[in-house]
Amino acid sequence: MTTALRDMIANPTTAELDLVARYGMQPADSRRERLFEAFSRTGLPHRRLEAWKWTDFKVALQGLDRPSTPPAQDPIPHAGALVFRFSSNGYFPPDHIPDGLNVFEKDEAQALGAAEDVPLGALAASLSGGKARPATLLLEVTSKELPRLHFQFSGEGEANFARVVVVVRSDMALTVSESHLGGAGLTSSVIEFGLQKGSTVNRAVYQRGTSEETIASTALVHLDADSHYTQTSLAFGAKVARLETRVTHQEPSAKATLNAAYLVGKDLHADFTTHVRHGANSCVTRQLTKGAVLNGGTGVFQGKFFVPRTAGQYTDADMQHKALLLEDGAVVFAKPELEIYADDVECAHGNTSGALDDDQLFYMRQRGLPEKTARALLTQAFVAEAFAEAGALEEVLRAEAEAWLAAV
Amino acid sequence: MRTMLKIENLTATVGEDDDAKTIINGLTLDVPKGEVHAIMGPNGAGKSTLSYVLTGRDGYEVTGGSATLNGEDILDMDPEERAAKGLFLSFQYPVEIPGVPVMTFVRAAMNSQRKARGEDEISAPDFIKQSREIGKALKLDAEMLKRSLNVGFSGGEKKRLEIYQMMMLEPNFLILDETDSGLDIDALKTVADGVNAMRSPDRGMLVITHYQRLLDHIQPDKVHVLSKGRIVATGGPELAHRLEKEGYEGILGEVA
């Protein structure tokens with residue numbers, strides 16, 4: 001079996017052979033096999049695949065190595081939150097689980113819809129498990145008043161994989177945060193959210209890594225009628241970091257808000273990819289992505305709204321991506337896409353990238369602000385707009401962005 | 001020495017290399033302490049260019065002559081250094097800065113200037129008190145000062161906000177570039193009251209305007225006519241009235 005899978009990956013790299021070996025050590029499980037098969041069709045995704053043309057994990061991850069530096073510090077407060085920590089060598093759930101949250105630690109892999117579309121998600125789902133952690137951590141939310149759930153992905157080794165499924169029952173509410181802190185050559189996590197009728201989720205995602213780490217965060221979000229999903233992400237990139245979110249509006253009048261900011265320095269790469277399917281009438285999507293990139297850094301934005309002919313009527317969707325190239329040598333790739341077959345929809349998108357505005361800079365300097373301060377203040381204000389819906393974590397994300405900009 | 005702003009035989013170009021055009025062409029001007037001088041001139045005379053050259057905007061190159069403020073050469077300074085020396089430009093078109101609240105901006109500007117001069121930062125309570133008093137005098141809504149700088153403000157509000165910043169920062173030399181443009185009569189009066197309150201024996205002002213209207217409210221000590229990048233006529237306030245009556249062509253025809 002393992003041999004057959006190995007054969008599926010064309011010209012496997014050392015890292016891919018290592019992943020096949022890791023799969024071989026997992027308990028036999030037909031769903032796990034199906035997941036690893038989905039990954040094996042492409043192997044580590046690479047530039048010859050349209051969806052990965054700017055973010056090449058195959059080249060970035062030649063072998064699975066432990067980074068020379070420890071994982072990044074977690075800026076998201078743990079106090080008052082229910083923290084689930086996934087490290088390379090273990091899984092650490094909270095000591096106490098309150099009423100309103102049911103936790104199921106499954107030894108078996110769970111099927112993943114669209115596994116072929118998310119090869120690194122399929123990989124995470126197939127390699128999560130063994131002695132160190134549940135194959136799937138399944139959480140059921142039956143309360144509106146749970147403390148914030150916090151998932152920390154912070155490795156101490158070559159690789160770190162996790163699979164989480166969160167079901168939010170009708171009319172319930174959840175606040176959730178995630179920190180993707182590297183610490184392993186490859187960290188890949190896949191988290192699914194099922195929002196039942198009238199429920200709400202507010203999710204904040206923080207990612208930080210080094211040029212020795214590759215990080216993939218895959219989120220699949222299914223929205224039932226009248227549910228509301230809000231997501232705010234802040235990524236600093238890694239050797240390559242991909243934060244991918246796929247949202248399906250599967251019943252009418254659901255709403256998704258997807259905000260993100262990437263701040264990328266030298267030798268780092270951050271990729272935000274989103275796919276939103278308006279598979280039901282009268283659903284709303286609001287998406288704002290802001291980026292700021294320094295010399296030697298790369299930012300990627302790929303956004304797609306898909307609106308089928310009959311199901312997607314009365315869609316109201318807006319996608320904005322704005323990037324600042326802070327220095328010569330900064331690189332931003334952007335691909336906003338609207339694929340619309342329904343005829344009664346409002347879909348808009350905007351996409352800009354450029355330098356800071358000279359008129360604004362001169363105005364601020366004329367009032368006495370040194371150029372560096374003026375640039376930092378303008379960039380902070382530009383980026384901070386992306387954090388407006390993050391609730392209690394808005395200030396944390398903003399402070400992280402400000403600290404980065406102050407050090408530029 | 002009473003002279004505050006001293007400009008001698010200044011020439012400056014706009015644009016890059018081969019496309020550079022000489023806009024200021026041998027301009028000489030003295031503004032002593034305590035005086036208000038008006039510069040009037042037709043479109044294209046170089047009025048706004050002069051304000052940008054004096055404040056150090058990129059894209060304007062000084063090719064000859066000198067400009068000093070209180071005896072110090074300002075032309076080699078960065079814009080922020082000139083600001084810290086007390087030079088303030090009230091913009092013809094104040095710039096919108098989304099996400100930066102007015103008070104945050106002004107406090108950062110004030111403290112940057114103070115730091116550059118080796119002074120202590122202003123305390124938050126002192127800043128708020130001063131802001132409240134000046135805002136009230138200029139009929140600025142307190143809520144407005146918490147909003148993003150100039151974003152969504154009317155033309156009149158933007159100009160009043162320029163005066164607010166001027167009064168907060170207490171510069172010692174003011175350049176007002178077409179401050180009357182876009183103002184109705186009431187707003188013009190409020191703005192002029194603010195400027196007049198800034199008049200002092202220790203402060204100089206250069207009021208750049210196309211029309212004489214503003215000078216009914218801000219009485220200049222001297223009026224200069226700018227044409228083709230140099231001062232071609234100088235007189236008292238009556239010169240502004242003559243310009244209004246006879247037009248630039250009348251006066252310029254006479255001096256040419």
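Here is the naming used below: chain letters follow the sequence lines, and residue numbers restart at 1 for every chain.
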**Item:** Contact origin within A:Gln380 toward chain B - heavy atom pairs under 4.5 Å
**Value:** neither
**Asked** What do you reckon, are the aromatic ring centroids of A:Phe272 and A:Phe301 less than 6.0 Å apart?
**Response** no
**Message:** Heavy-atom cut-off 4.5 Å, strictly under: side chain, backbone, both or neither for B:Ala108 against chain A?
**Reply:** both
**Message:** I'd like to know which of A:Ala384, A:Ala381, A:Gly368 tops the heavy-atom pair count under 4.5 Å against chain B.
**Reply:** A:Gly368
**Item:** Any donor-acceptor N or O pair under 3.5 Å, side chains B:Tyr164, B:Glu162
**Value:** no
**Prompt:** Going by atom types only, do A:Tyr363 and A:Arg365 share a side-chain donor-acceptor pair under 3.5 Å?
**Reply:** no
**Message:** Could you tell me if the side chain of B:Glu143 sits less than 4.5 Å from the side chain of B:Lys146, heavy atoms only?
**Reply:** yes
**Item:** Per-residue contact mode, B:Ile97 against chain A (heavy atom under 4.5 angstrom)
**Value:** both
**Fill in**
Whatever's closer than 4.5 Å to a heavy atom in chain B on A:Glu385 counts as neither
**Prompt:** Relative to chain A, which segment of B:Arg57 carries a heavy atom at a distance below 4.5 Å: side chain, backbone, both, or neither?
**Reply:** both
**Prompt:** Which bit of B:Glu96 is near chain A, if near means a heavy-atom gap under 4.5 Å: side chain, backbone, both or neither?
**Reply:** backbone
**Prompt:** Will you find, in the side chains of A:Thr274 and A:Gln287, an N or O donor that is under 3.5 Å from an N or O acceptor?
**Reply:** yes
